[in-house]
Structures are given as structure tokens and as C-alpha cells.
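Comments concern the structure below.
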Amino acid sequence: MGAVGEGWNLDRVGRSVALAAGCTFAVALAWRVGLVLAYPGNYAFDGLQRWSGREHVLVQSWLPALQALLVACDRLGLSLWQSRVVLSAVGALSLALASAVAARLGGPRAAWAFVPFALYGPHVAWTVVPYQEGVFLCLLGGAMLLASHQRWLLADLLIGLTGLVRYEGWPFVVVWCLWRRDPRALLALWGMVAWLGAKYSFHLVGYRASPIDIRDWEGMFTRFSPSIFLRDTGYNVERLWDSGAVFWILGTVVGASLVAPRWRRLLGVWLAIQVAITCAWMIALERSMSRMLVVPIWLFAPIGAVGFARLWAVTGGAAVEGGWARERVERLAARAGRKGMLGLAALLVAMMVYDGWWRVQREVGGMHRERAAVALMRRCPECTWWIEPRKQFGPRLRHDGCEVIQGISEFRHGTHFYCAEWVEGGEAESVRARCTSRVLWQEDRETYMVWKKWDHAADADNGEGDDAGGGRGGGTTSSP
């Protein structure tokens with residue numbers, strides 16, 4: 001068993017850990033790429049905004065690290081689905097690094113026990129689109145692995161980079177500095193200091209692909225409703241079972257006492273911070289979502305893998321040990337035997353595979369009306385479109401269909417189309433007159449109608465428009 005802080009050579013143990021991490025990466029990447037190819041469209045509103053602003057390092061009020069990766073993909077000429085493959089690789093790397101961390105905490109068997117976590121559904125769903133979790137966890141895992149090998153300078157630099165990924169990661173960096181108990185650890189603050197210095201010295205303002213305000217924290221406590229918060233907490237508890245996360249938490253019950261106290265304290269404090277952040281998210285958004293389970297369960301997983309490795313040893317005849325909770329779990333494992341453990345592992349894998357697929361297809365499906373409209377718009381590349389979108393959906397009912405169309409396609413407001421909801425009232429008539437074609441959301445039918453030739457005087461063309469489909473009465477083309 002590799003003790004934390006001891007370096008490995010590429011001997012038999014080291015090769016086993018490297019192979020387990022490689023398997024974790026391969027499984028994670030293969031599953032994610034398969035889902036990207038099956039569902040190549042973008043989804044979720046942060047992802048739509050980021051892709052719409054892919055030429056800009058600063059977008060909205062977000063930190064620049066993830067957006068810089070999208071800018072690089074754009075400069076390399078990568079399409080949306082190709083950029084999603086890159087993001088998938090980053091997400092897979094975050095899991096491979098966590099697998100290696102599990103080995104540092106509990107030995108090579110823990111690295112192998114971690115492999116199924118490559119299929120964890122919420123992590124899958126939110127690391128194949130432009131969201132911060134994949135990059136953040138990749139840096140966090142890399143810093144932990146370097147620290148376990150006492151490569152402190154590199155570890156401090158790497159975790160400092162998380163200060164340029166997400167504001168919610170700043171408390172993680174502060175806790176890291178306290179945990180290190182070394183003045184040199186203050187170097188980890190470099191990302192936070194650099195951002196604050198640049199932002200207020202140069203008055204940096206992010207590009208806004210739409211006028212929709214995505215800030216969530218303002219006025220959150222005036223919107224707080226205990227009943228809504230309890231409802232959303234219940235939804236997240238359901239997701240713990242649906243995603244298989246409950247098994248990793250159960251593994252932590254066994255693994256926690258086997259991990260060095262110093263690392264247990266770090267992961268425990270980080271987990272408490274993330275739970276508090278998740279509660280604040282639920283209040284601010286007035287809803288819950290599977291994204292809220294990505295970081296906390298990733299923090300559980302390495303210790304959970306240590307616990308699974310221990311349970312495997314118990315099924316092989318190792319003595320039952322530990323406190324009350326750990327002893328009870330180990331006795332159950334001993335009764336189940338290795339066949340029972342393998343059956344449980346198969347159930348866990350099946351649950352996570354289904355959960356990941358279901359979440360991705362559900363998120364993509366939520367954009368199907370705009371995707372159908374985009375397919376018809378692409379038939380007329382020379383058209384300039386006037387779009388009257390569906391409105392008031394998504395978190396806090398603040399999003400509209402123009403945001404979706406821009407975030408899943410090459411079309412841009414002000415170049416390829418004009419959104420009726422985004423044009424200033426005094427300019428609406430003149431802008432509308434310049435448009436040659438029209439996209440209209442019909443609320444009663446829940447579908448878009450598309451006119452390539454738009455007779456402004458009649459407010460329609462000489463025949464019916466193309467029905468983009470997807471609504472109660474949609475799905476067919478009513479004119480050629």
C-alpha cells in the first residue's frame with residue numbers, strides 16, 4: 001500500500017496504479033465521446049452563453065480559464081461537437097487523477113475500485129459541455145496528486161489556477177493554504193490575486209452574447225422559501241440514489257478511518273464548503289439540478305474507493321474491524337461474499353450508465369424545438385432572420401429561444417438574425433424591415449414556424465410557413 005508522501009517508481013505497484021488510472025481515463029473518455037456523437041448538440045444555459053462567446057476569453061461575469069480553452073478550440077477551427085470531445089477529455093483526466101489520488105490514500109486496489117466512477121452520471125452530463133466542473137476538478141485532482149508526492153511548488157501553482165476557473169473554488173484555495181501550514185503555500189493565492197488585480201486595474205467587463213442577466217446571487221435571501229428549499233433538497237436526495245452516489249457515500253463510511261487524518265480533514269472541509277455552496281445555489285436558482293452533485297461526490301469518491309478496496313479484502317477473509325458503522329458495513333460485505341460484491345458492482349455500473357445517458361438525452365431534448373428551427377434556417381444561408389422566440393423558461397424563467405439558437409448553432413444575433421426580444425423598442429421597426437425571413441414561436445402549438453420568404457405587409461409569405469416540429473401539432477412540413 002502506497003503511503004501518502006512516498007514516491008513511487010514504475011515497479012509492479014506503480015504500473016498497477018498507472019494502469020488503473022489509464023483504464024479510468026479510457027472508460028470515461030469512450031463513454032463521453034459516445035454520448036457526444038449520439039447527441040452532438042449543446043445544452044444548458046451557461047454552456048449556450050459560453051459557446052456563443054467562444055471568440056472571447058471574458059464572457060459574462062465568469063472567470064477566464066474555461067473560456068480560454070474554448071477560445072483555443074475556436075482558433076484551432078474545432079466545431080461544437082469537436083470542442084465537446086476536448087472537454088470530455090478534460091473531464092476524463094479529472095477522474096484519472098482522482099483514481100491516482102485514491103491509490104495514494106489506500107493503495108493500488110483503491111485505484112482499481114475507483115474505475116466504475118468513470119461512469120458517474122452527473123459528472124458525465126456536466127463535463128461534456130462548456131461547464132466549469134471538468135476543468136476545476138482536473139486542477140484539484142492534479143494538485144492533490146502532486147501534494148501526495150510532496151511536489152509542493154507545483155501543487156500550489158496548480159491549485160492556484162483554480163482561482164481562475166470558478167469563484168466557488170476560492171474557499172478551496174484558502175483552506176489549502178491553511179492545511180499546508182507553510183507560508184510558502186500563500187503562492188496558491190496567485191490566481192485569485194492576479195484576477196482581482198487585472199479586473200479592477202483594467203476594469204474588465206465580460207462579453208455578453210445576449211442581454212439576459214445570468215447572475216444568480218443578487219437578492220437570493222429575499223427570494224428564499226423554506227418549502228422550495230426542502231423540496232429541492234428532496235430532489236437531490238433522490239438523485240443520490242438514481243446516480244449511484246449513495247454507494248460511494250457508503251464506501252466512505254468504511255474508507256474514512258483508513259485514510260491519513262490530514263487528508264481526511266482536507267477533503268472533509270472541502271466537502272462541507274461545497275455542501276454550503278450547493279445550498280446557496282438552491283436558494284439562488286430556486287431549483288435543484290444534477291450539476292450540484294458533481295463536485296461533492298467527486299470528493300467522496302477517492303475515499304469511497306478506499307472503502308470498496310477494504311470491503312473486497314473482507315470478502316477474501318480479512319478480519320472485520322473499525323467503529324460501529326464501519327463494522328456493520330464490513331459484516332454485510334463478509335456475508336455477501338465476493339459474488340455478492342461483484343453483483344453490487346454490476347448494479348452500480350448499470351445505474352450510472354443509465355443515469356448518465358438519461359441526463360444527457362434529457363438535456364439535449366430540452367432544446368429540440370430550437371434545434372428543429374435551426375435545421376430549417378440552415379436551408380437558407382443567405383437569409384437574415386427575424387426571430388420571435390419562446391420565452392420565460394429555464395432557471396427563474398429568464399431565458400428565451402434566441403439564446404438557445406445562438407448557443408447551439410453558428411447563427412449570431414446582429415449578423416445572421418435579430419431577436420425581437422433583444423432589439424431596443426425604438427429600433428425594432430427598422431431592424432425588422434431589414435430582415436428577409438422570419439421565425440415565429442407559436443405558443444398554442446408549441447412549435448416554431450419558419451418563413452424563408454417573408455411578406456412584411458401581410459406579415460407572412462404567400463403560403464404557410466415551415467413547421468419546425470416538436471410541438472403538439474408539429475412535426476411535419478406544411479409547405480415545400
Side-chain angles (χ1 to χ4, degrees), residues 1-28 91-118 120 123 136-162 172-173 175-182 185 188 248-249 251-271 295-313 326:
M1 182 179 295
V4 173
E6 296 177 0
W8 281 323
N9 296 317
L10 280 180
D11 54 10
R12 185 169 60 85
V13 172
R15 285 194 296 271
S16 177
V17 172
L19 183 58
C23 285
T24 300
F25 179 84
V27 170
L93 181 58
S94 77
L95 296 168
L97 292 168
S99 170
V101 168
R104 299 299 289 166
L105 299 178
R109 280 185 178 176
W112 285 104
F114 187 90
V115 172
F117 193 72
Y120 176 57
H123 191 285
F136 177 70
L137 294 176
C138 192
L139 296 173
L140 211 62
M144 291 172 62
L145 186 60
L146 288 167
S148 74
H149 288 278
Q150 297 187 346
R151 303 294 194 266
W152 297 112
L153 176 61
L154 292 176
D156 290 340
L157 289 171
L158 200 59
I159 201 164
L161 186 54
T162 64
F172 282 61
V173 179
V175 168
W176 173 275
C177 293
L178 297 173
W179 174 78
R180 286 266 280 112
R181 297 182 181 179
D182 186 335
W248 296 95
I249 296 173
T252 303
V253 171
V254 176
S257 62
L258 301 172
V259 173
R262 190 177 184 218
W263 285 92
R264 191 165 63 239
R265 284 194 296 270
L266 176 66
L267 290 169
V269 174
W270 276 353
L271 180 61
V295 175
I297 305 305
W298 185 94
L299 293 171
F300 270 115
I303 300 179
V306 173
F308 289 153
R310 167 64 186 167
L311 293 177
W312 185 255
R326 174 184 162 188

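Position 1 is the first residue of the sequence, and the numbers go up from there. All figures in this text were calculated on a predicted structure; none of them were measured in a lab.
The CG atom of L93 sits 11.0 Å away from atom CG of L137, with the distance rounded to the nearest 0.5 Å. Rounded to the nearest 0.5 Å, atoms OH (Y120) and CD1 (I297) are 4.5 Å apart. Going from atom CG of L140 over to atom CD1 of I159 covers 5.0 Å, rounded to the nearest 0.5 Å. Atom CG in L157 sits 11.5 Å away from atom CG in L139 (nearest 0.5 Å). Of the inter-residue distances, the one linking L267 atom CG with W298 atom CH2 reads 8.0 Å to the nearest 0.5 angstrom. Of the inter-residue distances, the one linking M144 atom CE with L105 atom CG reads 6.0 Å to the nearest 0.5 angstrom.
Of all heavy-atom pairs between R310 and L258, the closest is CB-CD1, 3.6 Å. Nearest heavy atoms, V17 versus A100: CG1-CA, 4.4 Å. Between A102 and A110 the shortest heavy-atom distance is O-CB, 3.4 Å. The minimum heavy-atom distance linking A28 with L95 is given by the pair CB-CD1, 3.8 Å.
Under a 3.5 Å cut-off, the side chain of R109 and the backbone N or O of A309 do not form any donor-acceptor pair. Side chain of R262 to main chain of W179: a donor-acceptor pair is present (N/O by atom type, distance under 3.5 Å, no hydrogens or angles).
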side-chain hydrogen bond (donor to acceptor under 3.5 Å, both in side chains) assessment of W112 paired with S16: CA-CA 9 Å; W112 285 104; S16 177; 3.0 Å; yes
Test side chain to side chain contact (heavy atoms under 4.5 Å, CB included) on S94 and L97 and set out the steps. CA-CA 5 Å; S94 77; L97 292 168; 5.8 Å; no
Which is it for F25 and S99 under the side chain to side chain contact (heavy atoms under 4.5 Å, CB included) test, yes or no, and what are the steps along the way? CA-CA 9 Å; F25 179 84; S99 170; over 6 Å; no
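Between W270 and W176, the ring planes lie parallel to each other; the angle is under 30°, not in the 30° to 60° tilted range.
Less than 6.0 angstrom separates the ring centroid of F308 from the ring centroid of W248.
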